[in-house]
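Following: one structure in structure tokens, then a few remarks.
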Amino acid sequence: MYFCRHKLNIGDETMDIPKRNIFIYLVLSVALLALSYVYNFNDSKESIYSRINKRFNEEAPFWGDSIQKILGLQRMGRYNYEQDKPVTTMYSKDDTIEISTKYFPRENLNFWLSKNLESALLRGGHYSCTITDSLFRDMLLGIGFEAVTATELHIRDLKEMFPTKDSMNINAPVREVRRNRIVEGFATDTVGVGICDHGMLVGKVAISNAVVISNMQWIAWPQIILLVIVGLLFVTVSYVRKKIRYIQKLHFIGNSCIDFNNNVIYRRNGDCIPVTGNKVLLLEILAESAPEYRLLKEDVCQRIWKRDGKDGQALYNVAVSDLRKYLINDDDSLELKTLPKEGIQLLVDSEKVKRYNRLYFVYTILM
């Protein structure tokens, strides 16, 4: 017997996977990579919309002043003398509206004047969507986006919002919607226009896929994770495939394991016995006869020495004797029984076989 630390040889080939399987694997990997860009595309679109919405909310509140300058209108009224008055009064040819300072305070005079101007523009029909469309389009071009755009203005009636000077109807309905065209797509947050936001301005944007793709990140966390997983999976599949093929050539018998990959017999006590030549052939024939392990002399002689039982008798006797030495003698769970004029039969005493033999040998050999 020999005690040895036999070097495991699973195979020198680096990637033992059929070409057809590699092609399928690559196709699936490319498909998954392409699919991962759905996240990048949506993230790019959301980022664009977020930038547009942020800029709209920063600039749209000042478009009333821009409209006033474009139309050449002047701010009317002696507003700076009215700061102590308890109400703000809106005059028109149809009605007079009084709004208490608790709803429309004058703490910031410029803000108060600006909102009065916007309400005057709204009520006079001068707050033009033609102008706001142009301002919105120029705003987008200023941040580097070319898109189909439109603005939409929802207006509530101030008289319905303030039926008396000391009351406010927050649920007053929208009585007028102004727009030049309908654009299906992203809608910005609304920006209040006029006194107590009785006008609500919203921007509509339709961004083309080409613009979204041009602003898209090509390497983001989904691609990095996917590439790492694909690489690990490829290496793992190759490694596991080799392990499985290796295990398929292990034969567990009694308290021993025959490794036909390296032609070694492993014992539970840590010993390993290398075998060569005809000894390996005899072990292969024995493994093929499982679970009866019954071998006929004629079959053994024909397969190993190409002789009949009579001419191969001497060689057969030596082979059986050697089999007892390297497989049977040190394994008390195995017994080799001679069948007169027939051959031999290997008997396995299941009560003497140690538990978890397969797990023990697989772990010991492969790990």
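These numbers come from the heavy atoms of this one structure, side chains and all, not from hydrogens, waters or symmetry mates.
- With Asn261 as the fixed residue, the side-chain contact (heavy atoms from CB on, under 4.5 Å) test singles out one of Val264, Asn263, Asp259: Asp259.
- You'll find the side chain of Leu135 stays beyond 4.5 Å of the side chain of Met139, heavy atoms only.
- Residues Phe361 and Arg268 form a side-chain contact, since some pair of their non-hydrogen atoms from C-beta on lies under 4.5 Å apart.
- Looking only at side-chain heavy atoms (C-beta outward), Leu346 and Ile328 come within less than 4.5 Å of each other.
- Across all their heavy atoms, Leu117 and Gly64 have their closest contact at CD2-O, 4.1 Å.
- Across every non-hydrogen atom of Val230 and Ser29, the tightest pair is CG1-OG, 3.5 Å.
- Counting heavy-atom neighbours within 6.0 Å of Leu232 CG, excluding the residue itself, gives a total above 12.
- In terms of heavy atoms, Asp197 sits closest to Arg156 at O-NH2, 3.0 Å.
- Residue Lys204 holds its NZ atom at 12.0 Å from CZ of Arg181, rounded to the nearest 0.5 Å.
- Checking Asn317 against Gln313 by side-chain atom types alone, a donor-acceptor pair falls below 3.5 Å.
- When all heavy atoms of Ile97 and Arg123 are compared, the pair lying nearest together is CD1-NH1, 3.3 Å.
- Distance check: Ser119 OG to Ile195 CD1 gives 4.0 Å after rounding to the nearest 0.5 Å.
- With a 6.0 Å radius and a threshold of 12 heavy atoms from other residues, nucleotides or ligands, Phe41 has its CZ atom above the threshold.
- Using modelled atom types, one side-chain atom of Ser289 and one backbone atom of Leu286 make a donor-acceptor pair closer than 3.5 Å.
- Using modelled atom types and a 3.5 Å distance limit, the side chains of Asn215 and Ser44 yield no donor-acceptor pair.
- Residues Cys301 and Gly309 approach most closely at SG-CA, 4.0 Å, considering heavy atoms.
- Here the straight-line distance linking atom CG of Leu295 with atom CG of Leu336 works out to 8.5 Å at 0.5 Å rounding.
- Within the 4.5 Å cutoff, the side chain of Leu71 has heavy atoms near those of the Ile131 side chain.
- For the pair Asn278 (side chain) and Leu281 (backbone), a donor-acceptor distance under 3.5 Å is absent.
- Hydrophobic clustering keeps Leu347 apart from Leu282 (ILVMFWY residues linked when any side-chain heavy atoms are closer than 4.5 Å, directly or through intermediates).
- Ring-plane geometry between Tyr49 and Phe186 is classed as parallel, the angle between the planes falling under 30 degrees on a 0 to 90 degree scale with a further cut at 60.
- Taken together through direct or relayed side-chain contacts under 4.5 Å among Ile, Leu, Val, Met, Phe, Trp and Tyr, Ile143 and Val212 form part of one hydrophobic cluster.
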Q: Could you go through the side-chain contact (heavy atoms from CB on, under 4.5 Å) check for Gln223 and Asn40 one step at a time?
A: CA-CA 9 Å; Gln223 287 72 48; Asn40 299 52; 2.9 Å; yes

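- No side-chain heavy atom of Met161 sits less than 4.5 Å from a side-chain heavy atom of Tyr103.
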Q. What's the verdict on side-chain contact (heavy atoms from CB on, under 4.5 Å) for Ile304 and Ile285, showing C-alpha distance, side-chain angles and the deciding distance?
A. CA-CA 9 Å; Ile304 298 179; Ile285 297 170; 3.8 Å; yes

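- Checked by atom type, the side-chain pair Asn108/Asn110 shows no donor-acceptor distance below 3.5 Å.
- Put simply, the side chain of Lys243 gets close to the backbone of Leu366: a donor and an acceptor are under 3.5 Å apart.
- Between the Asn53 side chain and the Asp189 main chain, a donor and an acceptor come within less than 3.5 Å of each other.
- Comment: Arg303 engages Glu288 in a salt bridge, judged by a side-chain N to carboxylate O separation of less than 4.0 angstrom.
- Looking at Thr190, Leu201, Leu140 one by one, the single match for side-chain contact (heavy atoms from CB on, under 4.5 Å) with Phe56 turns out to be Leu201.
- Looking at Gln302, its side chain does come within 3.5 Å of a backbone N or O of Arg307 through a donor-acceptor pair.
- In this structure a side-chain-to-backbone donor-acceptor pair under 3.5 Å is missing from Asp349 to Asp332.
- Between the side chains of Thr151 and Trp63, no donor-acceptor pair of N or O atoms lies under 3.5 Å.
- Residues Leu122 and Leu153 have side chains in contact (heavy-atom distance under 4.5 Å, counting atoms from C-beta outward).
- Annotation: Lys165, atom NZ; neighbour count of heavy atoms from other residues, nucleotides and ligands within 6.0 Å does not exceed 12.
- Remark: the backbone N or O of Val353 is not paired with any side-chain donor or acceptor of Ser333 at under 3.5 angstrom.
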Q: Please lay out, stage by stage, how Lys337 and Glu335 fare under the test salt bridge (charged side-chain N to carboxylate O under 4.0 Å, His left out).
A: CA-CA 6 Å; Lys337 179 181 178 182; Glu335 179 186 352; over 6 Å; no

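- Between the Asn357 side chain and the Gly254 main chain, a donor and an acceptor come within less than 3.5 Å of each other.
- The minimum heavy-atom distance between Phe104 and Cys196, with the atom names listed, is CB-SG, 4.5 Å.
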(Q) For Ile155 and His198: C-alpha separation, side-chain torsions, deciding distance, then whether side-chain contact (heavy atoms from CB on, under 4.5 Å) applies. (A) CA-CA 6 Å; Ile155 306 172; His198 71 103; 4.2 Å; yes

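- Cluster annotation: Val183 is not connected to Met200 through the hydrophobic network of ILVMFWY side chains, with a link wherever side-chain heavy atoms come within less than 4.5 Å.
- Put simply, the side chain of Glu152 never gets that close to the backbone of Arg179: no donor and acceptor are under 3.5 Å apart.
- One hydrophobic cluster holds both Leu233 and Leu226 under the rule that ILVMFWY side chains link at heavy-atom gaps under 4.5 Å.
- In this structure, Ser114 and Asp65 have side chains that are in contact, with non-hydrogen atoms separated by less than 4.5 Å.
- Annotation: the span from Leu158 atom CG to Asn169 atom CG amounts to 12.0 Å, rounded to 0.5 Å.
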Q: List the steps and the verdict of side-chain contact (heavy atoms from CB on, under 4.5 Å) for Val300 and Val320.
A: CA-CA 10 Å; Val300 173; Val320 171; over 6 Å; no

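- When the side chains of ILVMFWY residues are joined at heavy-atom separations under 4.5 Å, either directly or via intervening members, Tyr316 and Val280 end up in a single hydrophobic cluster.
- Distance CD1/Ile99 to OG1/Thr88: 6.5 Å, rounded to 0.5 Å.
- For Ser50 (side chain) and Ser47 (main-chain N/O), no donor-acceptor pair under 3.5 Å exists by modelled atom type.
- Annotation: side chain of Tyr266 is not in contact with side chain of Leu250 (no heavy-atom distance under 4.5 Å).
- In Gln217, the CD atom is not crowded: 12 or fewer heavy atoms of neighbouring residues, nucleotides or ligands sit closer than 6.0 Å.
- Taken to the nearest 0.5 Å, the CG atom of Asp133 stands 6.0 Å off from the OG1 atom of Thr149.
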